[in-house]
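Working notes, beginning with the structure itself.
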Amino acid sequence: MSQEATEAVPQETEEAGTTGTTEATKAADPAQPSDPAQPSGSAPGWFRRRRRYPRTAHGVTVGTTVLAGALVLLALLLPNRLERIGPESFFRLPAEGILLAGLLLALPPRSRRLTAVVSGALLGLLTVLKFVDMGFYQVLARPFDLVLDWILLDDAAEFVRESFGRTGQVLAVVGVIVLIAAVLVLMTLATVRVTNLMVRHHAVAARTTLVLGTAWITCMTLSIQITGVPLATKGNAELLNNRVEQVRAGLRDGRIFQKQAAVDAFAKTSPDQLLTGLRGKDVLFTFIESYGRVAIDDPAMAPYLDSTLKEGTDTLKAAGFESRSGWLRSPVTGAGSWLAHSTFLSGLWIKNQQRYRSLTTSDRATLNSYFRKTGAWRTVGIVPGVRRAWPEGRYFALDHIYDSEHLGYHGPYFSWTPVPDQFSLEAFQRLEHGKKDREPIMAEIILASSHNPWSPIARMIDWDDLGDGSVFHRIKKESTDPKEVWKDAEKVRTEYRRAIEYSLDSLTEWVERYGTDDTVLVFLGDHQPVPTVTAGSTSKDVPVTIVARDQKVLDRIADWGWTDGLKPAENAPAWGMDKFRDRFMTAYGPQRD
């Protein structure tokens, strides 16, 4: 029981004229006068219980204080990456905590209270940032960009809706909001409570802070570590410093990008001198979602993908097609397909949303626009992942765009994927490629079936049975449940591999079925999958392949050093994805005729 409450009892007894009445009787009698020590507006039941159960009340007070201290310490030591969280992470001395304790002890009461509240709120925001970083590292293998990544949060909510339904999206958004609010409030209250404890035991707190400060300096000077983790840390200061530098770099990057975008080796080339080596050909640039190097190199996936790629190579060869393969380095990993697509098509390194916005509002030419500039091709886009207005589509110089609503599909979504790849390719054949007396086509085709979360997955069926896609209702029911798959990382990796196999089979079977002497197919992955699948790999390489029946088309890239077949060799050339545009246009320009 507090000293104030104890002193209030005799005073209250005298005023009531009830000398000899016990505290227990008074607490139980609602007619007794109120405790003058009780704050106005406080719940009287709480103070009565404190008097009746002093040991319990003391235990609650001590427990709450311990939890508050643990919460503050957790926030100070919490890493911003899941794989770095371990017992050793929380047995360290945080420089920021020691400095903050010293500051709070030195300040006068009013300033101390304000500083404690502000510090608690800032610590809560820092904790939220660490949580967001964890999510970004798990999906994009990089931290959250405080300037450029806010737009991705809307995309994340949309992804949850497409994968788990509207209810799942609402629950996820509400849960995130509640979590953020709880972290901010609890962290502020915890910091204030720990500050009050230090003030009540000022001498002990001051000595402890001095000892911890000395220990921190010693550990930092001697580089003392526990299981490879430094005992003294200034991780929060480094995290914030990195974010400040990130913002500065983003501001500088805008100016750098403008200078890079102004340089285009083909900008002044006359239309009749562009892409002369491909005149009369149908040129198809096809992106396979999340088709990364891990699918080919990972020991658990390699045997299956080897078989799929070998079978595809043999199937195409039997149909008269040859192929060459290499590697491209994507600017992104895990997600951000549009950044990879625009890098490949524009010949510029589009590594963030700022560059993407700058690109799509500029007059920088892409592969698409150069094909259109010649006047020798009709340019079309098959983009089943687009389900709403896409104003950037104009920039990519496509004469006609077929989104998910205009492919004639009446089947179900497969999680995020609106249209199965096999149906998208059949729709392209029906709507454009299969028409008689048409002009040559340059097509940008996005195959989306291998998009995260890779469950459920469509499967190959007879092309003549595709119809309007209704057949996929039954196929979806036979497939896996993403909620169950994502409980096990190995199941995720298995479903990812199966999704890539499906996309490759769809593409190779389409070429075998509908390809002609004038078909030139360029297909590639847009980026590596999420870290759950890459399992620690930091590579950003994706496979790229050119397929043609006309040997002259492949002869023009003989000096590229690419591997025969659909599978690139481990040591095949690896270029930045931004280098492909100019190399491709040079190889098929008039200088090679």
*Decide yes or no on side chain to side chain contact (heavy atoms under 4.5 Å, CB included) for Arg438 and Asp282, but give the supporting numbers first.*
CA-CA 11 Å; Arg438 59 171 176 79; Asp282 294 318; 2.8 Å; yes

Side chains of [X] and [Y], heavy atoms from C-beta outward: is any pair under 4.5 Å?
X      : Y      : answer
Ile546 : Trp560 : yes
Glu83  : Met134 : no
Glu509 : Trp463 : yes
Tyr496 : Val294 : yes
Val542 : Tyr291 : no
Val173 : Val176 : no
Leu447 : Ser449 : no
Thr508 : Thr315 : no

Counting heavy atoms not belonging to [X], are there more than 12 under 6.0 Å from its [atom1]?
X      : atom1 : value
Glu570 : CD    : no
Asp465 : CG    : yes
Tyr304 : OH    : no
Glu311 : CD    : no
Lys476 : NZ    : yes

Taking the inter-plane angle between the rings of [X] and [Y] on a 0 to 90° scale, is it parallel (under 30°), tilted (30 to 60°) or perpendicular (over 60°)?
X      : Y      : value
Trp150 : Phe144 : perpendicular
Phe344 : Phe287 : perpendicular
Phe584 : Phe371 : tilted

Pair [X] + [Y]: basic N to acidic O under 4.0 Å:
X      : Y      : answer
Lys491 : Glu495 : no
Lys281 : Asp518 : yes
Glu426 : Arg430 : no

*Without hydrogens or angle criteria, can the side chains of Asp578 and Thr343 be said to hold a donor-acceptor pair below 3.5 Å?*
no

*Test salt bridge (charged side-chain N to carboxylate O under 4.0 Å, His left out) on Glu490 and Arg493 and set out the steps.*
CA-CA 5 Å; Glu490 287 307 310; Arg493 287 160 58 80; 3.6 Å; yes

*Do we get Arg293 above Trp327's six-membered ring, with its NZ or CZ under 6.0 Å from the centre and within 45° of the axis?*
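Yes.
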
*Honestly, is Arg583 close enough over Trp575, meaning NZ or CZ under 6.0 Å from the six-membered ring centre and within 45° of the axis?*
yes

Check: [X] side chain, [Y] main-chain N or O, donor-acceptor pair, under 3.5 Å:
X      : Y      : value
Ser346 : Thr366 : no
Arg581 : Ala365 : yes
Gln273 : Pro590 : no
Arg81  : Tyr137 : no
Tyr409 : Ser424 : no
Arg372 : Met442 : no
Ser450 : Ala499 : no
Ser404 : Val386 : yes
Ser307 : Pro303 : no
Thr563 : Ala569 : yes

*Under the side-chain hydrogen bond (donor to acceptor under 3.5 Å, both in side chains) test, which residues partner Asp145, sequence neighbours left out?*
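In terms of side-chain hydrogen bond (donor to acceptor under 3.5 Å, both in side chains), with neighbours along the sequence ignored, Asp145 is linked to no residue.
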
*List the steps, then state whether side chain to side chain donor-acceptor pair (under 3.5 Å) holds for Asp421 with Ser503.*
CA-CA 6 Å; Asp421 291 347; Ser503 295; 2.6 Å; yes

*Over all atoms of both residues, closest heavy-atom pair of Trp377 and Gly280*: CZ2-N, 4.5 Å

_Minimum-distance pair of heavy atoms, taken over all atoms of His527 and Ser330_ = CB-OG, 3.8 Å

_Can you confirm if the aromatic rings of Tyr370 and Tyr588 lie within a centre distance of less than 6.0 Å?_
no

*May I ask you to check whether His433 and Tyr514 place their ring centers less than 6.0 Å from one another?*
no

_Stepwise side chain to side chain donor-acceptor pair (under 3.5 Å) test for Trp338 and Gln353_ = CA-CA 9 Å; Trp338 61 95; Gln353 196 65 21; 2.9 Å; yes

*Listed by chain and number, what are the salt bridge (charged side-chain N to carboxylate O under 4.0 Å, His left out) partners of Asp253, not counting sequence neighbours?*
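Checked Asp253 against salt bridge (charged side-chain N to carboxylate O under 4.0 Å, His left out); matches are Lys351, Arg355.
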
_One pair to check against side chain to side chain contact (heavy atoms under 4.5 Å, CB included): Ile296 and Leu309. What are the steps and the verdict?_
CA-CA 9 Å; Ile296 293 176; Leu309 293 172; 4.0 Å; yes

*Are Arg166 and Gln169 close enough, and set up right, to give a side chain to side chain donor-acceptor pair (under 3.5 Å), and what steps lead you there?*
CA-CA 5 Å; Arg166 174 65 69 179; Gln169 180 193 37; 2.6 Å; yes

*asked:* Under the criterion side chain to side chain contact (heavy atoms under 4.5 Å, CB included), I'd like the reasoning laid out for Val471 against Ile461: C-alpha separation, chi angles, the key distance, then a yes or no.
replied: CA-CA 9 Å; Val471 65; Ile461 61 175; 3.6 Å; yes

*Give the C-alpha distance, both sets of side-chain angles, the deciding distance and a yes or no for salt bridge (charged side-chain N to carboxylate O under 4.0 Å, His left out) between Lys552 and Asp550.*
CA-CA 5 Å; Lys552 294 179 182 178; Asp550 186 348; 5.8 Å; no

*Please test Thr480 against Ser455 for side chain to side chain donor-acceptor pair (under 3.5 Å), starting from the C-alpha separation and ending with a verdict.*
CA-CA 6 Å; Thr480 54; Ser455 175; 2.7 Å; yes

